[in-house]
**Student:** 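For reference, the structure I am asking about is given below.
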Amino acid sequence: MKELNRTYDPSRESEIYARWMEKGYFKAKVNPDKTPYTIMIPPPNITDKLHVGHAFNNTIQDILIRTKRMQGYEALWLPGTDHAAISTEVQVVKAIAKEGLTKDDLGRDAFLERVWQWKELYGGTIISQLKLMGFSCDWDRERFTMDEGLSDAVLEVFVRLYEEGKIYRGERLVNWCTKCQTTISDAEVEHEDGEGHLYHFKYPIHGEAGEYITFATTRPETMLGDTAIAVHPEDERYTALIGKNVIIPMVNRQIPIIADSYVDPAYGTGAVKVTPAHDPNDFEIGQRHNLPIINVMNDDGTINNAGTHYKGLTREDARTKIIEEMTAKGLYIKTETITHAKGTHDRCHVVVEPLIKLQWFLKMEELAKPALEAYTSGKLKFNRERFGKVYQHWLTIIRDWCISRQIWWGHRIPAYFCPEGHITVAKTTPEVCSTCGNTNLRQDDDTLDTWFSSALWPFSTLGWPEKTPDLDYFYPTNVLCTAQEIIFNWVVRMMFMGEKYMGEAPFTNVIIHGTIRDDKGRKMAKSLGNGIDPKEVIEKYGADVLRLTLLSGNAIDSDSRFYWERVEFCRNFMNKLWNATRFVLMNLEDYSDDSCNNPLEVEDLWILSRINSLTKEVTEKIDSHELGMSTQKIVDFIWDEFCDWYIEMVKPRLYAKEPERAMERRAAQETLRKVLMSALKLLHPVTPFITEDLFLALQDKEETIMLSSWPTFDKAMDNIEAENCIEHIKSAVRSVRNMRAEKQVAPSHKFEEIIVQPADEYARKLFESRKDLFSALAGAKSIIVKSPSRELSHATFDNSLKQSPKGELVYAGFTAGYLYVPWTVDTANEKVRLTKEKQKLQQELARVDGKLNNQGFMSKAPESLINEEREKQAKFTAMLEKVEAELSAL
RNA sequence: GGGAGCAUAGCUCAGUUGGGAGAGCGCCUGCCUUACAAGCAGGAUGUCAUAGGUUCAAGUCCUGUUGUUCCCACCA
């Protein structure tokens, strides 16, 4: 047996982790004798080190993996990182800017070299952080979305989709960032409300001098590209004008007035300028009416040739100048200040410009079907129904996916152009153009959207497109665990790629968890400086405490706040567990587990029954992914039932060193050890380090708790009778403690003798057999148990105790009866207490009577419930009578 | 504008088939009782946002209202 320090000390965590690694406990291999259980880590972006959100996300996964591993599954948790195309490129661009360099200064190859250096640095940091937190990933299988195997999978999928005709090039209006010079996906556009201006202008109507149509716009610079004015078809103000033309003065172009029901007659003037090249809605109107598309802007946001004399101006300057020109021509009316939503790029916060671009698209209609079907048929489950609805909604409104990006960091699109403009798509650089045989080929400069590679993550990490044994054994995975905002970007895309290339959904369960916020409920953000660094918590308190903090006190699907007070509470709990184990060890010196036939006492049967139901509950809660609840149950059990009650209950037996009581003592030791071991196992997935440490201190047969067997529910251990007995004893103990507190009796004071007047034979036997237990908990030198009496009352009991010293009569519960505690009676206090008690009982009784007198309840409620209420009625009536008798006796 | 949440003790939050309102922190009282003061024992505190409805029975189900958060879309 080992000796433990007096207080919990997390400093040994790294040592324990090193041992696990050395022993290879995290490794998973194809094993036909076991059922696989697989989780793919959501690969963290290599843009930055990990924050507490990652700690939370991965703790959830580690709990599941560790539980399943102990339950005998072949558990694989595959780790890795994501190249995070745009965000990483932005970070590296910022970094080289500090050296006064730009991407173009370095050139593509040298720039990518710098990004790889960044990747080595941050990828390494991330992996070491994950290890610091104790995560049991199979590190031999670590993957990166741009490593050789995964890149091969990406190219394979691109080529196959292209050959199938699902990937096409198209001119489409895309979100364009004029700063980053790239398209960005809808998901990367942030919408923020801001102050803006609504400018009212009028265009002269062609051929009708003095006639105008008035419209409003927030973006006058795009007027250069207007190709129509639209009004609502039923707007009577304008019906006469439909079909006529107006003139755009700056460019002197005639455009038609058209009718489209998109226009809201109530907004602005009811007339809208239509700029298909610079607005998504206008683009759609343009499609419907076959309007020309006039792009007036360069990639950097300046006006192009189409803008005549505005050419070369920035969009901001062009706006000012156009307002001036319109004013000079008497066509400007007024400016309103409004708040409206502006789309900005979530990386650089520059206002997004919709632009017409030639892009690569993936057709979604067919791919989306099986992904949607998986959910509607119930094959794919979310931990909460509402997240499933989000998934479903997105898939029903899905559009084609723009998969090309004008950046360097990422998987370069395997498309090659010949001078004739033919496209050859191939995994390896082709020698000649597949159409015309030209040997002068140039690869597309664009790279793929970062989510293209992560969409393949569940199978590319297992060796796909090769047909590997790993892939066969570990795919599909069991659980995917991520945050809500990732549902569209990632969950959906993994689903359709998995269905398409594996013929099977990549996972059956999705766990969506909430966000960890700061103590004021704000999101943690660099700009606010309110982020919590996991390392800070780990250095001060250890990884176990961090993990427990994130998992306790909250349902995992809702957002939670990070409080240092909670961290301290969790640390305190670790210390409690540490000391409970220390206590057990101190009392096990002479214990050997070859003796299993020692007679168990009722409290042993009670705690065994309790840990047994706890095992059932915790296992069920983990299986249904209610990890906050499962964790809470274990903590409550250990602290309340095991430490505060059971340990106190066994002290008399443990301290009884007489040889004739050796059997009793053995039984207590055996039970203590057994229950503690089970509790440690149940807690291990949440706090792996401390439980390993304590497990090893308690026994030397198994070399790790990680691979020990998960406790199982045993119906034979269920013991309702023992639970009832202990409830009676606890109730009696509480009554005495209550009296002590009210009368301010020092806890160290031992009452001479407490006399128990049980209500029935059952209670008499109970108290008679567990006198030592009761006296220890209640603080008495001796216990006298009287014959049972149904005729309990203060008066009769008092009468029977004439020889006893003056004392206090304490009610101990309906069955347990009365306790006579030697102490001076304080009549006034006692009156107050009893009056309160009486009121309480009267309320309870009124409620029960109300139910039992209710015809509806009696005829419709289940019989068991009615019986329960009847029992309560009898119980409360009897209790009330006693209290009243006591009151009148005073 | 569309969708989804949330509103329970002073604070932070549990409460998943409807059947006597819970925890932690904080607060008050008494204790350094030979595992633990990072502890022990005891205590106070709630018209479960609001108005209706369903039901024998509603924190729990339905509807409206108010406040609040998030996601998606977006107004020329």
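Naming: A, B, ... by sequence-line order, numbering from 1 per chain. All values reported here derive from a predicted model rather than from experimental measurement.
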**Student:** So what does Glu626(A) touch, heavy atoms closer than 4.0 Å: a base, only the sugar-phosphate, or nothing?
**Tutor:** base
**Student:** For C40(B), take OP1 and OP2 only and decide whether either is under 4.0 Å from a side-chain N or O of Lys576(A).
**Tutor:** yes
**Student:** Is any side-chain nitrogen or oxygen of Arg6(A) closer than 4.0 Å to OP1 or OP2 of C36(B)?
**Tutor:** yes
**Student:** Classify the nucleic acid contact of Trp639(A) as base, sugar-phosphate or nothing, counting any heavy atom under 4.0 Å across all strands shown.
**Tutor:** sugar-phosphate
**Student:** Roughly how far apart, to the nearest Å, are C48(B) and U55(B) at atom P?
**Tutor:** 23 Å
**Student:** Base, sugar-phosphate or nothing for Glu485(A)? Non-hydrogen atoms, less than 4.0 Å.
**Tutor:** nothing
**Student:** Would you say a side-chain N or O of Asn854(A) is under 4.0 Å from OP1 or OP2 of A57(B)?
**Tutor:** no
**Student:** Establish whether the base of U12(B) is bridged to the side chain of Glu565(A) by a donor-acceptor pair shorter than 3.5 Å.
**Tutor:** no
**Student:** By the 4.0 Å heavy-atom rule, please label Phe215(A) as base, sugar-phosphate, or nothing.
**Tutor:** nothing
**Student:** Examine A35(B): is either OP1 or OP2 under 4.0 Å from a nitrogen or oxygen in the side chain of Lys651(A)? Give yes or no.
**Tutor:** yes
**Student:** Side-chain donor or acceptor of Arg571(A) under 3.5 Å from a matching atom on the base of A38(B)?
**Tutor:** yes
**Student:** Quick one: is the NZ or CZ of Lys576(A) closer than 6.0 Å to the six-membered ring centre of Phe642(A), and within 45° of its axis?
**Tutor:** no
**Student:** Does the side chain of His625(A) pick up a donor-acceptor pair with the side chain of Asn509(A) at under 3.5 Å?
**Tutor:** no
**Student:** Going by side chain to side chain donor-acceptor pair (under 3.5 Å), Thr222(A) matches just one of His278(A), Glu353(A), Lys273(A). Which one?
**Tutor:** Lys273(A)
**Student:** Under 4.0 Å between a side-chain N/O of Tyr646(A) and OP1 or OP2 of A35(B), yes or no?
**Tutor:** no
**Student:** Looking across every strand, which nucleic acid part, if any, lies under 4.0 Å from Ala555(A) by heavy atom: base, sugar-phosphate, or nothing?
**Tutor:** sugar-phosphate
**Student:** When you measure from the side chain of Phe876(A), which nucleotide among G42(B), A14(B), G20(B) comes out closest?
**Tutor:** G20(B)
**Student:** Using a cut-off of less than 4.0 Å, is there contact between a side-chain N or O of Asn554(A) and OP1 or OP2 of A14(B)?
**Tutor:** yes
**Student:** I want to check one thing: is the phosphate of A14(B), taken as OP1 and OP2, less than 4.0 Å away from some side-chain N or O of Ser558(A)?
**Tutor:** yes
**Student:** Quick one: is G39(B) close enough that its OP1 or OP2 comes under 4.0 Å of any side-chain N or O from Asn572(A)?
**Tutor:** yes
**Student:** Hydrogens and angles aside, do Gln669(A) and Asn587(A) bring a side-chain donor and acceptor to less than 3.5 Å of each other?
**Tutor:** no
**Student:** With respect to the side chain of Trp394(A), which nucleotide from G24(B), U12(B), C72(B) is positioned closest?
**Tutor:** C72(B)
**Student:** How about Phe751(A) and His749(A): are their ring centres within less than 6.0 Å of each other?
**Tutor:** yes
**Student:** What interatomic distance, in whole Å, is found between C1' of A76(B) and the corresponding atom of A58(B)?
**Tutor:** 49 Å
**Student:** Indicate, yes or no, whether a donor-acceptor pair under 3.5 Å links the base of U16(B) to the side chain of Arg384(A).
**Tutor:** yes
**Student:** Please state whether the phosphate of G30(B), meaning OP1 or OP2, lies under 4.0 angstrom from any side-chain nitrogen or oxygen of Arg740(A).
**Tutor:** no
**Student:** What is the nucleic acid contact for Asn587(A), judged by heavy atoms within less than 4.0 Å: base, sugar-phosphate only, or nothing?
**Tutor:** nothing
**Student:** Suppose you measure atom C1' in A38(B) against the same atom in C72(B); what distance do you get, rounded to whole Å?
**Tutor:** 46 Å
**Student:** Rounding to the closest angstrom, what is the interatomic distance between C11(B) and G26(B) at atom C1'?
**Tutor:** 7 Å
**Student:** Look at the side-chain N and O atoms of Lys523(A) and state whether any lies under 4.0 Å from the OP1 or OP2 oxygen of C71(B).
**Tutor:** yes
**Student:** Within the 4.0 Å heavy-atom criterion, would you say Asp519(A) contacts the bases, only the backbone, or no part of the nucleic acid?
**Tutor:** nothing
**Student:** In whole Å, measure the gap between the C1' atoms of G15(B) and C27(B) for me.
**Tutor:** 24 Å
